[in-house]
Each structure stands twice: as C-alpha cells, then as structure tokens.
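Following: one structure in structure tokens, then a few remarks.
Residue numbering restarts at 1 for every chain, and letters A, B, ... go by the order of the sequence lines.
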2 protein chains.
Amino acid sequence: MTQGKSGHVTLLDVARACGFSVSTVSIVLSEAPLSQNVAAKTREQVRTMARKLGYHPDAFARSLRSRSSQTIGVLAFDLSDPFCIPVVRGIQAGLYPARYLPLLIDAQTQRRLFDSYVKMILERRAESLIVIASWVFDEANLLADLKKNHVPIVIIGRDLSERGINSVLVDNEAGGALAMRHLTELGHKRIAVIRGPEEMFDSEPRWAGIQRAAVSAGIKLNPKLVFQLPGLVDPASGFEGGIRLAKEMLASERPFTAVVAFDDLTALGVVRGLTGAGVRIPDHCAVVGFDGVLPAEVATPAITTIRQPLKEMGMQAAEWVMQAIAKRGRGIDEAPRLYKAQPELVVRDSTSVPPQRRRLDRERNGREP
Amino acid sequence: MTQGKSGHVTLLDVARACGFSVSTVSIVLSEAPLSQNVAAKTREQVRTMARKLGYHPDAFARSLRSRSSQTIGVLAFDLSDPFCIPVVRGIQAGLYPARYLPLLIDAQTQRRLFDSYVKMILERRAESLIVIASWVFDEANLLADLKKNHVPIVIIGRDLSERGINSVLVDNEAGGALAMRHLTELGHKRIAVIRGPEEMFDSEPRWAGIQRAAVSAGIKLNPKLVFQLPGLVDPASGFEGGIRLAKEMLASERPFTAVVAFDDLTALGVVRGLTGAGVRIPDHCAVVGFDGVLPAEVATPAITTIRQPLKEMGMQAAEWVMQAIAKRGRGIDEAPRLYKAQPELVVRDSTSVPPQRRRLDRERNGREP
DNA sequence: CGTCTTTATTCAAACGTTTGAATAATTATG
DNA sequence: CATAATTATTCAAACGTTTGAATAAAGACG
C-alpha cells in the first residue's frame with residue numbers, strides 16, 4: 001500500500017489508488033454538497049477504494065480546516081460520585097445523534113487538577129464545556145478563563161444563572177418538601193434533619209423545602225434535632241458524617257421517629273449508626289435520603305429517597321450545548337438559562353408509619369379482623 | 001486584538017504583536033530544543049505577549065503536524081459498573097504526568113455503540129486504546145478492527161493475552177480461594193456458592209479458587225448448594241439474581257451457614273433475599289462478596305469482600321500504554337503481556353463465625369469469665 | 001457556430017503548528 | 001583578516017483535510 005509514514009491511510013492514498021484528485025475524493029467521502037455533481041460511477045469507485053484501503057478521515061486535519069472539533073468537554077468534579085454516571089449517560093445520549101463526542105474528565109475533587117484539565121480541554125478546542133458540579137466546589141476563575149474563550153458553558157448541579165452561566169439542576173426546594181411531606185403523611189411528628197454542609201449550594205434550598213412542608217403539615221421542627229454535615233472532602237464522606245450524627249441524635253435523648261438525611265450516602269450512614277445502636281429501620285425509625293443513587297437501592301432495607309432525574313438533566317445540558325453551537329456565536333450573549341428538574345419521591349423500605357401509630361394500627365386491626 | 005476569525009489567538013497573532021517570526025514564537029512557547037539558542041530577552045518578550053493575549057496552542061494543528069494526539073482512548077463497556085471509576089482514576093493518574101488525556105467513553109453495554117465509538121476514537125487518532133471490560137462482552141471484531149490500525153491495546157478485566165492482547169485483571173482464582181478460606185477459617189462447613197454467569201470470564205477461575213480452598217480445608221461443597229447467575233444484561237442485575245437465588249437456597253431446605261457470592265452486588269442481593277426471609281446477617285448466615293465497590297461498603301451490615309486493586313490495575317494499563325507509545329512501532333509485535341493483580345480480603349460485618357460455633361464460644365466464655 | 005448553462009473534475013489556498021535547513025549576525029580561532 | 005564556529009532568527013515545507021474558484025467537457029439555445 002501507499003500509506004505515508006504516519007501509518008494511516010490518507011485521502012492522497014485513496015486518490016492515487018483510484019486515479020482521481022484529492023479534492024474529488026474528499027468531496028465524495030465527506031458527502032459535501034458538491035458530491036451531487038460527481039458522476040455516480042466515480043463516487044462508487046472512490047468509495048470502494050476507500051473501503052478497500054481502510055481509510056478513516058483524520059479528525060485533526062478535518063477539525064483544523066473546518067474549525068469544528070465535534071467535541072464537547074465534560075468535566076466532572078468528582079466522578080466517583082454515583083450522581084455523575086447517569087448524568088454522563090444523558091449527555092452522551094444527547095450528543096450521539098450529532099456525532100459529537102464528550103471529552104470526559106474526572107477532576108477528582110482537586111482544584112489544581114480541575115484548572116489544569118480545563119486548560120487541556122480548551123487546547124483541544126472543545127466547542128463547549130459541561131461541568132458536573134456534583135460536589136462542593138468554588139468556581140472563581142473557571143468563569144474568567146472560559147468567558148474569555150467564548151466557549152458556551154453549562155453547569156449541572158448548581159445554579160450559576162445569576163452569574164451568567166446556563167444551569168441545570170434539580171429543584172432542591174421541591175425535593176426537600178417532598179421528603180418531609182412523605183414523612184408527615186405517614187404520621188411522623190418528631191423528625192430529625194441532617195442538613196448538608198454549608199459550602200454545598202444544595203443545602204439551603206433543601207432545608208427551605210423541608211421547613212415549608214413541616215409548616216404546612218403543622219409540625220414544629222425541634223432545633224435540637226437539626227444537624228449539619230461538616231464541610232466534606234469527598235462524596236463518600238457524607239456516609240461517615242451520617243454515622244456520627246446518628247450517634248449524636250441518640251445521645252441527645254430527644255425522641256424522634258424519622259430522619260431526613262441530606263443525601264443517600266448520609267442516609268446510609270444514619271442507617272448504619274442507628275442500627276449499631278439497636279434501632280431498627282424502618283420499625284423504630286424511618287430514614288429518607290436524596291438523589292436516588294445505586295447504593296441506596298441495593299442496601300437492605302432499600303432507602304426511600306428523592307430521585308433526581310439525572311439522565312434527563314444530562315440530556316438537557318447536551319441539548320442546550322448543541323443549540324449554542326448551532327448558533328455559532330450569534331446570540332452568545334443571550335440571558336443564561338436555568339432548568340430545574342422535578343424530583344420524584346421513591347418509596348422503598350426505609351420508611352413506614354411511626355411506632356406509636358403502628359401500635360394503634362395493630363390494635364385496630366385486632367379489634368375488627 | 002488581532003485574532004483571526006476563529007476567535008482563538010494563534011502563533012501568528014503573538015508573532016505580529018511582539019515583532020518576531022512565527023517560528024521563533026513557536027520554538028519559545030513549545031520549549032523546543034532550539035529554544036536554548038533564543039536570546040533570553042526574546043524568550044521573555046514572547047512569553048509575556050503570549051500570556052497577555054491569552055494564547056493557547058491549538059491541539060489540532062499541533063497533533064496534525066507532530067502526528068501525536070496526546071490522547072488515549074478509554075472505552076468502558078459499562079461505566080455504570082462501580083468497578084470502572086477507580087480503574088479510570090488509575091488510568092488518569094498514570095497518564096497525567098505525560099500530559100496525555102484519556103478520551104473516556106461509555107458504551108452502555110451496547111455492541112452497536114461500542115463499535116461505533118471505537119471508530120470515532122480511531123478517527124481522533126488516539127494513540128492507544130484501553131478497554132475496560134467490566135461486564136460480559138464479546139470482542140470478535142474489536143480485534144480485527146484494531147490490529148489493522150496498529151494501535152496498541154490493553155484490556156482491563158479480561159485475559160485476552162492468548163489472543164495477542166495485553167491484559168490486566170485481578171487474579172480471580174486467588175480471590176475465590178481467599179473468600180472461601182476466610183469462611184472455612186471462621187469455621188463454616190456448609191457453604192453455598194453463587195457462581196457468575198457462564199458468559200463472564202471471571203466466573204470460571206473464581207469457582208476454581210473456591211474449590212481449591214474448599215479441598216484444602218477438607219470441606220465438601222454440596223452441589224445442591226452451588227448456584228449460577230443467569231446471563232445478565234447489566235451490572236446491577238447481579239443484585240436481582242442474588243435475591244432470587246437466596247430464595248432458592250432457602251427453598252432447597254439444605255442447611256448452610258455461609259454464602260460466597262459472585263460479586264458485591266450479588267452479595268447485596270443475597271443479603272436482601274435472606275433478610276426478607278428473616279435470616280439475620282451475619283448471625284445466622286455469613287455472606288462474602290467480590291470487587292470491593294462502594295455499595296458494599298456503605299450497606300449495613302457492610303459486606304465482607306475480596307477487593308480488586310482497581311486503581312493499581314488502571315495505572316498498570318496506563319503504564320504499558322505509555323511504554324508502547326514510547327517505542328512507537330518498534331517492538332509492536334512483542335508477546336502480549338499479562339498482569340494479574342493480587343486481590344485482598346476485606347473483612348467487614350457480613351461474616352462471622354457460624355451459629356453453632358458461636359453457641360459453643362458463648363458457653364466457653366460463660367464457663368471461665 | 002458562438003454563447004450559455006450544466007456537469008464533472010481539479011487547482012490551490014487555507015487551517016495553526018513544527019522543524020530541518022537556510023540566513024544573518026556575532027564571536028572565537030588560526 | 002579570512003575562516004570557522006557559535007548564536008539568534010527566519011524560511012518554507014509539511015501534516016491531511018475542506019472549499020471557493022477555476023477549468024474542461026459536454027449539451028442546449030438562439
């Protein structure tokens with residue numbers, strides 16, 4: 001074969017092999033508008049030869065020339081957060097039809113890596129950037145670096161629309177309310193709450209939702225039963241926090257029949273902590289989480305949770321990104337968009353009616369069987 | 001600014017701005033060998049100007065010219081398998097020092113997607129490909145397509161060294177033995193086993209290890225207590241299988257005090273199934289898993305498991321890949337390598353001594369306190 | 001038969017970088 | 001002082017593709 005030193009078959013190789021010019025071959029193989037003018041016989045010849053030689057277009061040359069990389073940078077702040085995977089799937093699904101490829105990177109919760117990868121992604125001329133902010137992170141110069149480069153950005157998991165960035169996230173307020181309402185409807189009155197760490201932007205709205213639902217159910221939350229996770233280092237550390245706070249809860253000696261945990265891992269920590277002290281879930285105490293990640297699903301008892309429509313959120317981000325690219329600069333300064341996905345209550349086995357009520361139920365059932 | 005229509009700052013822009021030629025600027029900024037010959041003052045000027053204009057080299061042009069993409073394709077067969085993330089981290093860690101970027105793609109357990117992504121990765125001229133075969137998959141034409149393109153390949157999670165492909169995987173035989181030995185050392189005699197699905201290549205060696213350890217402990221495995229997962233569609237379906245088989249175990253009415261599950265999710269399924277029937281873990285029955293993934297760690301009781309050194313495996317793959325690239329073709333036809341990582345027993349709360357023995361222990365303790 | 005359109009193909013420039021070879025300027029050597 | 005060696009900078013070609021403009025050949029029209 002006539003392959004150049006690169007080891008790859010090029011247009012020139014194909015052209016020589018079938019006796020046409022590089023242009024013709026390019027036009028045929030890339031199905032450019034001009035290819036209508038190419039004789040059917042020629043087209044056939046070119047295509048056959050390309051296949052025979054095993055020609056694959058070189059994405060670099062193509063991108064260089066056509067200034068489009070067909071690539072979207074996807075930067076996950078911490079890919080080990082189970083939150084991320086369904087989001088990524090959504091993004092991939094949204095990108096695939098347009099033959100765009102995500103350049104997916106895990107910043108491993110490290111600022112330094114994050115910055116460095118942003119740079120590498122820009123060098124690769126990703127046409128847009130999607131950031132999955134699954135975990136605490138401060139984005140000070142992210143903004144600066146990117147606005148400069150006219151790259152459309154979408155952030156998933158935080159509301160930065162105020163600061164000019166398209167944002168996709170779950171409606172945390174609604175989710176918090178959903179969790180609380182579930183418990184009050186089951187009849188719980190003394191409910192402990194574990195709020196998220198201060199640095200996490202989800203914490204506040206979830207807490208607001210919880211309070212709203214408590215008020216509308218006519219329930220007073222005892223401030224002594226409201227806890228807060230400390231600033232955390234990685235997504236799994238909510239688990240440790242949950243264990244510790246469960247113990248504090250018990251030590252406080254204030255009675256409670258249910259716990260609203262900040263997220264699923266925290267809920268799993270609470271289950272661990274309470275179980276260790278002989279409290280049975282859900283018989284003695286109900287626990288509800290937030291997110292809907294795998295570990296909560298396969299634990300026993302399975303954790304009742306507020307599910308985020310993660311895949312949908314990823315697809316939404318991908319869709320916006322594709323739209324922004326289609327506009328190519330025009331309208332880049334539109335007002336940033338905000339999409340709040342609606343969470344969904346998933347009732348599983350970690351919640352049931354509170355103990356007193358269960359006793360009542362039992363008596364009632366005993367009376368009229 | 002003098003930016004061209006691309007919106008990006010190019011070498012030419014920098015060159016014009018500081019009055020040197022493109023060559024000089026390139027030499028300085030890419031720190032080519034020749035840059036030693038460039039006057040210190042010039043170097044300084046160029047660098048300052050580049051920073052001022054916000055120059056980022058264009059990876060396409062660079063790759064096109066230097067025929068190296070600084071990219072490694074990483075194709076996960078199913079990224080939702082918790083197995084993958086630590087592996088990916090290892091790969092990223094191994095690649096980072098060389099400033100290589102993984103092009104990470106999730107094939108979502110779909111052959112069609114897999115093939116299509118392989119193609120896209122090749123078009124992007126990834127210099128090598130790492131496949132994470134976390135889950136059942138058949139690689140018939142994978143081989144064909146890639147051997148043709150002279151791209152070095154490493155597969156993680158399967159032994160394809162016989163078929164000419166560098167392979168990194170855990171020593172499944174040793175792992176199986178480790179699991180079984182743990183149980184026999186605790187004093188278990190009647191042990192149920194759930195083997196992996198036939199299509200999974202891990203299944204056989206794990207089973208072999210289990211048998212070996214049983215023999216050397218002088219224990220006979222009751223064939224009626226050996227079960228097998230059906231062919232599965234996704235990694236989480238081991239969980240469902242575990243539930244079902246746990247019920248079959250109980251239905252068989254053959255006594256057992258421990259279960260070796262194929263993997264962690266299966267183990268979690270077994271816990272669910274047994275717990276549902278009133279069997280307490282680990283008091284009535286011990287359960288041991290395999291993999292060491294997050295869900296097994298945060299469940300209550302935490303699952304005793306055989307941990308795969310996933311990060312290490314990812315780094316090993318990255319290292320091989322970098323070596324292969326350093327050789328650039330020379331030695332591409334070396335014998336394929338095989339690395340079997342040593343698994344590690346992680347004792348947690350799902351295993352303890354069998355019930356009979358516990359009774360004995362208690363009596364003995366009672367006798368001499 | 002000259003001109004105009006249509007059809008089929010090719011030219012050549014451009015994308016932004018790297019790099020071997022060339023040039024120019026300076027300094028050291030014989 | 002000529003030559004060689006060193007230092008500083010630039011030329012120009014190349015990487016593989018796309019694409020507007022050019023060319024060439026054929027058919028259609030007046």
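Residue contacts shown for Phe20(B) are limited to sugar-phosphate atoms, with no base heavy atom under 4.0 Å away. Using a 4.0 Å heavy-atom criterion, one finds that Asn37(A) contacts the bases of the nucleic acid, with or without backbone contacts as well. Across all strands, Thr42(A) comes closer than 4.0 Å only to sugar-phosphate atoms, never to a base (heavy-atom distances).
Between Arg125(B) atom CZ and dT17(C) atom P there is a gap of 21 Å when expressed in whole angstrom units. As a whole-Å value, the separation of Leu11(B) CG from dT19(C) C1' is 13 Å. The nearest whole Å value for the distance from the CD atom in Glu123(B) to the C1' atom in dG16(D) is 13 Å. Atom P of nucleotide dG16(D) and atom CG of Asp58(B) are separated by 16 Å, given to the nearest angstrom. The separation between Arg65(A) atom CZ and dT17(C) atom P is 16 Å, rounded to whole Å. Atom CG of Leu64(B) and atom C1' of dA14(D) are 9 Å apart (whole Å). Computed from coordinates, the Phe60(A) CZ to dT18(C) P distance equals 13 Å when rounded to whole Å. A straight line from CG of Leu12(A) to P of dA12(C) spans 15 Å, rounded to a whole angstrom.
Contact annotation: Arg62(A) side-chain N/O to dT18(D) OP1/OP2 distance is under 4.0 Å. Contact annotation: Ser26(A) reaches the phosphate of dT18(D) (side-chain N/O to OP1 or OP2, under 4.0 Å). For dG16(D), neither phosphate oxygen OP1 nor OP2 lies less than 4.0 angstrom from any side-chain nitrogen or oxygen of Thr10(A).
Within the 3.5 Å criterion, the main-chain N or O of Ser68(B) finds a donor-acceptor partner in the side chain of Ser63(B).
For Tyr55(B), taking side-chain heavy atoms from C-beta onward, the closest of the listed nucleotides dT18(C), dT17(C), dG16(D) is dT17(C). Nearest nucleotide to the side chain of Ile27(B), out of dT9(C), dA8(D), dT19(C): dT19(C). Here dT10(D) is the nucleotide among dT10(D), dT17(D), dG16(C) with the atom lying nearest to any side-chain atom of Ser23(B). Nearest to the side chain of Val38(B), among dT19(C), dT9(D), dT17(D), sits dT9(D). With dG16(D), dT17(C), dT10(C) as the candidates, the nucleotide lying closest to the side chain of Thr24(A) is dT10(C).
Nearest heavy atom pair, residue Gln70(A) against residue Glu127(A), reads N-OE2, 2.7 Å. Nearest heavy-atom pair across Pro336(A) and Ser161(A) is CG-O, 3.2 Å. Considering all non-hydrogen atoms of both residues, Ile325(A) and Ser128(A) come closest at CD1-CB, 4.3 Å. Contact record, Pro86(B) with Phe83(B): CD-O, 3.4 Å, taken as the closest heavy-atom pair.
Tyr117(A) and Gln108(A) form no side-chain donor-acceptor contact under 3.5 Å, judged by distance and modelled atom types alone. In this structure, a donor-acceptor pair under 3.5 Å is present between the side chains of Arg124(A) and Thr71(B).
Comparing Leu34(A) and Val22(A) by the nucleotide of DNA chain D that holds the closest heavy atom to each, the one mapping nearer the 5' end is Val22(A).
The bend of the helix from dC1(C)-dG30(D) to dG30(C)-dC1(D), defined by the angle between the axes of its first five and last five pairs, stands at 70° to the nearest 10°.
The side-chain contact (heavy atoms from CB on, under 4.5 Å) test with Ile130(A) is passed by exactly one of Ile153(A), Ile155(A), Leu104(A), Ile91(A): Ile91(A).
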